Each structure stands twice: as C-alpha cells, then as structure tokens.
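First the structure, in the form of structure tokens, and then the observations on it.
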Amino acid sequence: MRLPQMPPLHLPFAPGAPVRSLQDVERIEACPLAEALPVQSTYEIFVNSAAAFGDKTALTFLPTADPAAEPIRWSYAQLLTGIHQTANLLHHLGVGPEDAVAVLLPGCLEYHLALWGGEAAGIVQPLNPMLTDEKIAAMMTLARAKVLIAYGGEGDLGYWSKALRLRALVPTLTTVLRVAPHDEAPGAAPALPAGVLDLAARHQHPGDHLVSGRRIAATDIAAYFHTGGTTGAPKLARHSHGAQVFTAWGSVQMQGIRPEDVGINGYPLFHVAGVLPGSLAALSAGVETIIPTTGLFRNREVIANYWRLVERYRCTYLSAVPTVLAALANVPLDGADIASLRYCRTGAAILAPELAVRFERLFGLHIHESLGMTEMAGISTITPPGVNAPAGCVGWRLPHTQLRVVALDAQGNASDQDLPPGQPGMVLFQSPNLFSGFLDAADTAKAFTHDGWLATGDLGFVDEQGRLHLSGRSKDLIIRSGHNIDPKVIEDALGAHPAVQLCAAVGAPDAYAGELPVVYATLVPGAPAVTEAELLAFTADRVDEAVARPRWVQVIETMPVTNVGKIYKPDLRQRAACHTVQALVDSVCAEAPGSPRSQVQPEGDNAVRVTVAPGPDVDTLQARLREVLAPLPLTVRITTAPAAGSPQTA
C-alpha cells in the first residue's frame with residue numbers, strides 16, 4: 001500500500017543579517033515572500049525541523065523548579081512522531097479539517113501534541129482553565145468542539161473535574177482525551193467512563209505520516225483563540241496556518257533566532273504569546289524550549305529559582321511580561337552565572353521606565369519591547385537584539401507588513417488621515433499574519449477599517465527611525481499584567497446590586513501590574529445603606545476570573561458624564577490615579593510623624609501633582625516621595641507649596 005505523500009521538505013527557518021534599522025527590514029523584503037517563505041502550514045514546520053534537527057532536544061519539561069532535578073526531554077524527531085500519532089488518533093475519532101479540538105491543559109509536553117497534532121487534523125482551540133465552566137462551555141459550543149484534550153489531574157485549577165463537567169455542557173463534544181500527569185504511577189489512572197480515552201492511545205496509530213493524507217493550505221484555519229477570557233462574551237479569533245507560519249518566520253528574522261538558542265517559555269499556552277512567538281518560532285528554528293513545571297510562571301518556585309535555571313540550561317534569551325520581570329527583579333542572582341543571556345524581550349503590557357532601568361542595573365539586561373495581539377497571530381512589531389530603545393518603543397514592523405498611524409475621527413475611531421512621524425494617532429496594520437476574522441461576522445466588521453486595515457485601538461506614533469512607540473489606548477480595556485479586562489464584566493457584576501444606580505470600572509495605575517481594575521458607583525436615592533466593602537464582595541463573587549476582580553469600590557455622589565450623557569471615564573481614571581498616589585503619599589508621611597501635609601491633584605492626562613507643605617524636612621520627604629512614586633506608570637510632579645511666592649518643582 002502506498003503511503004500518503006509527505007509535504008515537500010524545506011530548510012528550517014533561519015535569520016539573515018541582523019536587523020538594526022528599518023532599512024534592514026526593507027532588505028529582507030527585497031526577496032518576494034513566496035520565495036522566502038514557501039512553507040504552507042504549521043505541520044510542515046515540524047516536518048522540516050525533524051528532518052534538519054532529528055535527535056536535537058526540542059522540548060525540555062521540568063517536573064519541579066529545582067535546577068538539580070532531572071528533566072524530561074523530547075527530541076525534534078520524537079515531537080514529530082507524537083504530532084503524527086496525535087493527529088491520526090484525532091482523525092480516527094472523526095476530526096476533520098473543519099472540526100475543533102479544545103485543549104484544557106497546564107504546562108506539559110503533551111500540550112504541544114494537542115496544539116500541533118490538533119492543527120494537523122483539524123482546528124485547535126486552546127482554553128483558559130481559570131474561566132468558569134459556563135464560559136468555557138460557551139466558547140466550545142460556539143466553536144462546535146468535537147474533542148476535548150484535558151489534563152487528568154486536578155492541579156490547582158481542578159482540570160479533570162472541570163473536563164468531566166464540560167461533557168454535559170457542550171452538545172457537540174463526542175470524546176474527551178485524558179492526559180496523564182507526568183508523575184502518575186503505573187496502574188494508578190482512574191477508570192474512564194464511556195466517551196473518555198487516554199491520550200496514550202495515540203501510540204496505536206502511525207507516527208511517520210498523516211493517515212488522512214491531508215494537504216494543508218495556507219488559508220486553512222489552524223486555530224481558534226479567545227481574545228482575553230475576561231471579556232463579557234466569547235469572541236473567537238480564527239488563525240490561518242499561513243498567519244501562524246508567518247509569525248514564526250518573522251520572529252526568527254527579527255530576533256536572529258538560531259539552533260544554539262535555549263529559552264524558558266513560561267507563558268500559558270492558551271495565549272498567543274506562548275504558542276506562536278513563544279513556541280512555534282523557536283521550534284521552527286531548532287531552539288531548545290524549556291517548560292518550567294506545570295505551573296509555568298505562576299509557580300513561585302520557578303521565579304525564585306529562575307536565575308539558577310538560566311545557569312543550569314545556559315539559556316540565551318529571556319521572554320516574559322513586565323509583571324514577571326518585576327518579580328524577577330526581586331530575585332538576587334546569588335552567584336548564578338547568566339552570561340549566556342543575549343536577549344531580553346517583553347510585551348503584552350506597559351513597561352515602566354523605572355523597571356527597565358532597574359533590570360539593566362541589576363542584571364545588565366536591556367529589556368526589548370514588542371507589540372503583539374491575537375488579531376495578528378501574536379506579533380506585530382519587535383525591537384531586535386542589539387537595538388536599545390526607550391521604554392514604550394515596541395520596535396519595527398515585521399518584513400512584508402504595513403504599518404500606519406492615522407488621526408482619530410470625531411467618534412474616536414480611525415480616520416483616513418495619515419499622520420507624520422512623531423504625531424500620535426490610531427495604529428493600523430496590514431500583514432500576512434492578520435487573523436481570518438472572528439467567528440461572529442459582526443465582531444469582524446468592527447475590527448477593520450472600511451479599506452481593510454486592522455484597527456488596533458492602540459494609540460502611538462512612529463519615530464524618525466520608523467520604530468513604533470505606544471502612547472495609550474483608544475479603547476477602555478484595563479490591562480493588568482497582560483490580561484485584557486473588559487470593564488463591562490465588572491460593571492455588569494456591580495450593577496446587579498439593588499443599591500447601585502450607576503457604576504464604571506477603570507484602571508488604576510500600579511507599579512507591578514501596570515493597571516489594577518477599580519470601580520466607581522453612585523447609589524439609588526433612598527436605598528438601604530451599604531458599605532463599599534459589601535459592594536466589593538458582591539462584585540468579586542460575580543466576576544469569573546481573579547485578575548478581573550476590582551481592587552476597590554468607591555461610592556461617589558455623582559457620576560461624571562459627557563454632554564450627551566455618557567459616563568466620562570477619563571475623569572474617573574484621573575481620580576483613580578490620584579487615589580493611588582494619595583495612598584502612597586500617606587504611607588510615606590506615616591513613616592515620619594509630623595511630616596508636612598501633602599496634597600494630590602490631577603495634572604492633565606496620565607499625570608498627577610503632589611504639593612508638599614513647607615517644613616524643616618521637606619527635602620527629605622520629597623526625596624522619599626520620588627523614590628516611592630517613580631515606579632508608577634504615570635507622570636508625577638512634586639512641588640513645594642510656597643510660604644511666599646511661586647511653588648517650586650522638585
């Protein structure tokens with residue numbers, strides 16, 4: 001019997017000359033994309049990598065965060081075998097190119113079988129396990145998921161119990177595939193009910209080809225990614241194989257990724273950052289990718305041992321969101337040799353300038369920022385190694401992509417007026433890695449301009465070197481450590497309280513998370529008395545995900561509104577900034593009883609003024625205030641109230 005034909009072999013992705021300017025990006029573009037990137041699917045990436053790298057380590061799983069512990073390793077050849085077996089098992093279960101395979105797993109080697117085997121057989125749907133059963137079930141139902149690949153242990157999020165409950169909530173679900181925990185003793189697996197199989201059943205299927213004989217086109221849909229998990233309703237973005245392949249290729253070109261590189265990928269794999277620029281790019285170029293325990297960066301021991309892990313595995317790059325970088329900044333090296341690190345990259349949230357300076361001072365690592373989003377398969381712009389840029393600069397566009405900055409129209413949407421370098425406006429993209437729209441056509445229409453550009457909702461400007469700098473957002477999303485939080489989730493929860501008349505959630509500045517969700521409310525006249533603490537508890541009980549629960553609730557007399565009666569959130573953001581700064585100022589003053597009184601007032605957009613009353617220790621107080629307030633992601637001006645004459649700025 002003749003086996004189905006394998007896709008044509010191509011060389012693995014490899015970078016050319018280093019990118020140090022926009023001219024270098026344009027140099028890469030001189031070669032037509034079809035010639036530079038002949039690969040059509042993520043499946044082809046793994047066929048090419050296995051042929052090129054064979055027994056070289058592709059994935060290293062750390063059962064514990066102890067650097068001395070023995071890891072579990074898979075080679076590139078083993079990974080491709082597992083992808084074939086998983087895809088063939090799914091094919092046997094009736095999964096076709098238009099069927100969704102949902103994934104509910106922690107950090108583990110098998111996640112990569114689910115991802116890439118799922119894409120070779122059908123459409124993979126990674127899920128955030130921190131969401132409620134109802135929200136996960138709604139997304140699986142929207143995707144018409146046929147198979148669920150789930151972790152067979154409880155972990156800290158109740159994976160297996162959740163998976164079994166989902167069977168009754170998703171009408172299209174026919175099979176659950178159980179992934180045994182790595183430390184499960186032989187024979188200790190529970191009895192599996194009808195419709196539930198062990199993923200180990202993949203070993204009964206061929207590991208050297210796709211039984212389906214499927215030839216995957218670049219336009220075929222590879223994955224459904226949900227856009228946040230804290231949004232009010234499921235919104236699933238469709239990724240084509242071509243979009244994901246381009247993200248991997250572009251990341252390799254911009255970052256100079258090579259087979260000798262080694263990196264720790266602690267991002268969750270239900271998020272595009274962990275799956276595409278974090279994993280697929282590395283695996284397309286022969287890199288060893290380390291999975292730091294099932295808990296990933298949520299495991300405090302991983303953070304505590306991070307520098308020793310870098311030393312043990314001779315890691316060459318560090319990639320993490322600013323929250324993780326802030327946590328690492330508190331972990332001393334204690335003699336760990338991290339000289340192997342050549343590149344440090346961040347994205348997904350605001351990078352405080354103070355953190356960037358501190359990280360470089362402590363570890364000698366300049367933090368390079370990037371911009372990525374679900375709608376662009378995880379990456380849009382990159383600051384390459386060897387290019388030091390100020391905080392807020394997210395680098396150059398990828399080769400063969402287009403970037404525009406346009407003025408906002410009267411409704412705050414993108415206009416057709418392009419803006420010159422240095423002038424902020426709405427950031428727009430056209431790119432080979434643009435998503436194929438949402439499952440809901442109405443959501444898709446809102447994502448693009450009338451002439452087909454992706455309207456990001458981000459505000460920024462392009463400098464004279466062609467690099468993008470982000471300066472804000474046009475939408476009201478609260479971004480907490482890379483988590484996109486829809487204010488409506490919080491507002492709907494608090495608004496259900498009978499004593500609440502109006503409420504509005506905004507982001508309060510935070511040195512660690514960038515923003516924390518907070519909420520303001522007005523009360524129904526004559527309603528029974530209710531405390532802010534009671535309102536906070538009421539809201540927290542009704543918000544699914546912990547990161548979206550507000551830090552505090554504040555009751556105000558009247559809600560600020562625009563001339564047409566809409567709640568005016570810029571005013572509330574200013575209040576939240578002042579509230580945050582005032583609390584820190586009060587804590588500083590409490591350190592030294594008798595300190596001069598200090599007043600906090602808003603001073604324009606994203607800026608606050610602290611006025612200190614004159615006194616004998618005013619210079620010491622101002623110095624301490626500067627130290628405490630500097631990490632906040634906003635401008636704070638400290639002045640001294642005059643005994644006579646004008647205030648003096650500190």
Side-chain angles (χ1 to χ4, degrees), residues 10-21 24-25 27-29 31 33 36-39 42 44-54 56-60 75-76 79 112 115-116 243-267 269 272-291 310 313-320 338 340-347 365-372 376-387 394-401 432-433:
H10 297 287
L11 293 174
F13 295 161
V19 174
R20 297 289 184 269
S21 67
D24 291 331
V25 175
R27 167 184 49 78
I28 297 173
E29 293 172 330
C31 177
L33 183 58
L37 181 54
V39 175
T42 59
E44 285 187 56
I45 283 178
F46 292 97
V47 170
N48 296 335
S49 291
F53 304 113
K56 184 180 185 300
T57 299
L59 298 170
T60 296
S75 70
Y76 274 89
L79 177 57
H112 289 274
L115 285 171
W116 315 119
Q244 293 193 345
V245 167
F246 179 84
T247 284
W249 176 83
S251 297
V252 170
Q253 303 310 309
M254 294 293 288
Q255 295 175 94
I257 300 174
R258 299 181 183 279
E260 54 266 30
D261 282 324
V262 180
I264 297 173
N265 184 0
Y267 294 102
L269 293 184
V272 286
V275 175
L276 300 172
S279 293
L280 188 62
L283 294 168
S284 74
V287 172
E288 178 183 353
T289 297
I290 297 168
I291 305 168
V310 168
Y313 293 98
R314 308 309 299 156
C315 295
T316 59
Y317 65 89
L318 187 168
S319 182
I338 63 169
S340 58
L341 288 173
R342 69 174 182 87
Y343 185 47
C344 176
R345 184 172 70 83
T346 193
L365 296 171
H366 180 82
I367 301 175
H368 299 72
E369 293 182 73
S370 62
L371 171 65
M376 288 185 69
I379 201 69
S380 309
T381 66
I382 292 177
T383 303
V387 176
V394 294
W396 288 290
R397 61 176 178 80
L398 273 60
H400 298 285
T401 72
N433 66 346

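Side-chain atoms are counted along with the backbone in the values below, which use heavy atoms only and exclude waters and symmetry mates. In this text, all values refer to a predicted model and were calculated from it rather than measured experimentally.
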Set out, in order, the CA-CA distance, both residues' side-chain angles and the distance that settles side-chain contact (heavy atoms from CB on, under 4.5 Å) for Gln244 and Trp249, then state yes or no. CA-CA 9 Å; Gln244 293 193 345; Trp249 176 83; over 6 Å; no

Salt bridge (Lys or Arg N to Asp or Glu O under 4.0 Å) against Arg258, all qualifying residues, sequence neighbours excluded: none

Are the side chains of Met254 and Pro15 in touch, meaning some heavy atoms are under 4.5 Å apart? no

Where is the tightest heavy-atom contact between Ser370 and Ile382, given as atom of each residue plus distance? CB-CA, 4.1 Å

To the nearest 0.5 Å, tell me how far Glu288 CD sits from Ser75 OG. 11.5 Å

Going by side-chain hydrogen bond (donor to acceptor under 3.5 Å, both in side chains), name the residues that satisfy it together with Gln253, two or more places apart in sequence or in a different chain. none

Sorted by chain and number, sequence neighbours left out, side chain to side chain contact (heavy atoms under 4.5 Å, CB included) with Ala281 holds for Ala248, Ser251, Ile257

Have Glu260 and Thr316 got a donor and an acceptor in their side chains that come within less than 3.5 Å? no

Under the rule for side chain to side chain contact (heavy atoms under 4.5 Å, CB included), what residues qualify as partners of His366, not counting sequence neighbours? Glu360, His368, Asn388

Taking only residues two or more places apart in sequence or in another chain, which ones pass side-chain hydrogen bond (donor to acceptor under 3.5 Å, both in side chains) with Ser279? Asn265

Taking only residues two or more places apart in sequence, or in another chain, which ones meet Ala14 in a side chain to side chain contact (heavy atoms under 4.5 Å, CB included)? none

Measuring only between side-chain heavy atoms, which start at C-beta, is Leu115 closer than 4.5 Å to Leu269? yes

Just by distance, do the side chain of Arg20 and the backbone of Pro384 share a donor-acceptor pair under 3.5 Å? no

Sidechain-backbone polar pair: Lys56 side chain, Pro259 backbone, donor-acceptor under 3.5 Å: yes

Nearest heavy-atom contact between Leu341 and Leu318 is CD2-N, 4.0 Å

Please step through side-chain contact (heavy atoms from CB on, under 4.5 Å) for the pair Asn48 and Phe53, ending with a clear verdict. CA-CA 9 Å; Asn48 296 335; Phe53 304 113; over 6 Å; no

For Val25 and Trp396, which heavy atoms make the closest approach, and how far apart are they? CG2-CB, 4.2 Å

Contacts of type salt bridge (Lys or Arg N to Asp or Glu O under 4.0 Å), residue Arg314, not counting sequence neighbours: Asp337

Can you check whether Leu371 reaches Ile379 side chain to side chain, under 4.5 Å on heavy atoms? no

Specify the closest pair of heavy atoms between Thr346 and Ile367, including all atoms of both residues, with the distance to one decimal. CG2-CG2, 3.4 Å

Please enumerate all residues that pass ring-ring contact (aromatic ring centres under 6.0 Å, His included) together with Tyr317, with sequence neighbours excluded. none

Passes side-chain contact (heavy atoms from CB on, under 4.5 Å), Ile45 versus Val245? Steps please. CA-CA 8 Å; Ile45 283 178; Val245 167; 4.0 Å; yes

In this structure, CG of Leu79 is separated from OG1 of Thr289 (nearest 0.5 Å) by 10.0 Å

Between the OG atom in Ser49 and the CZ atom in Phe13, the distance rounded to the nearest 0.5 Å is 8.0 Å

List in chain and number order the residues that pass ring-ring contact (aromatic ring centres under 6.0 Å, His included) with Tyr267, two or more places apart in sequence or in another chain; answer none if no residue qualifies. none

The criterion is side-chain hydrogen bond (donor to acceptor under 3.5 Å, both in side chains); which residues satisfy it with Thr247, sequence neighbours excluded? Asn433

Report the C-alpha distance between Leu283 and Leu59 in whole Å, list the side-chain angles of each, state the deciding distance to 0.1 Å, and finish with yes or no for side-chain contact (heavy atoms from CB on, under 4.5 Å). CA-CA 9 Å; Leu283 294 168; Leu59 298 170; 4.2 Å; yes

Go through the structure and list residues passing side-chain hydrogen bond (donor to acceptor under 3.5 Å, both in side chains) with Thr383, not counting sequence neighbours. none

Closest approach of Cys315 to Ile264 (non-hydrogen atoms, all atoms of both residues): SG-CG1, 3.7 Å

Donor-acceptor pair, side chain of Glu44 and main chain of Val39, under 3.5 angstrom: no

For the student: nearest non-hydrogen atoms of Ser284 and Pro12, plus distance: O-CB, 3.5 Å

With sequence neighbours excluded, residues passing side chain to side chain contact (heavy atoms under 4.5 Å, CB included) with Thr401: Phe246, Arg397, Leu398, Ser431, Pro432

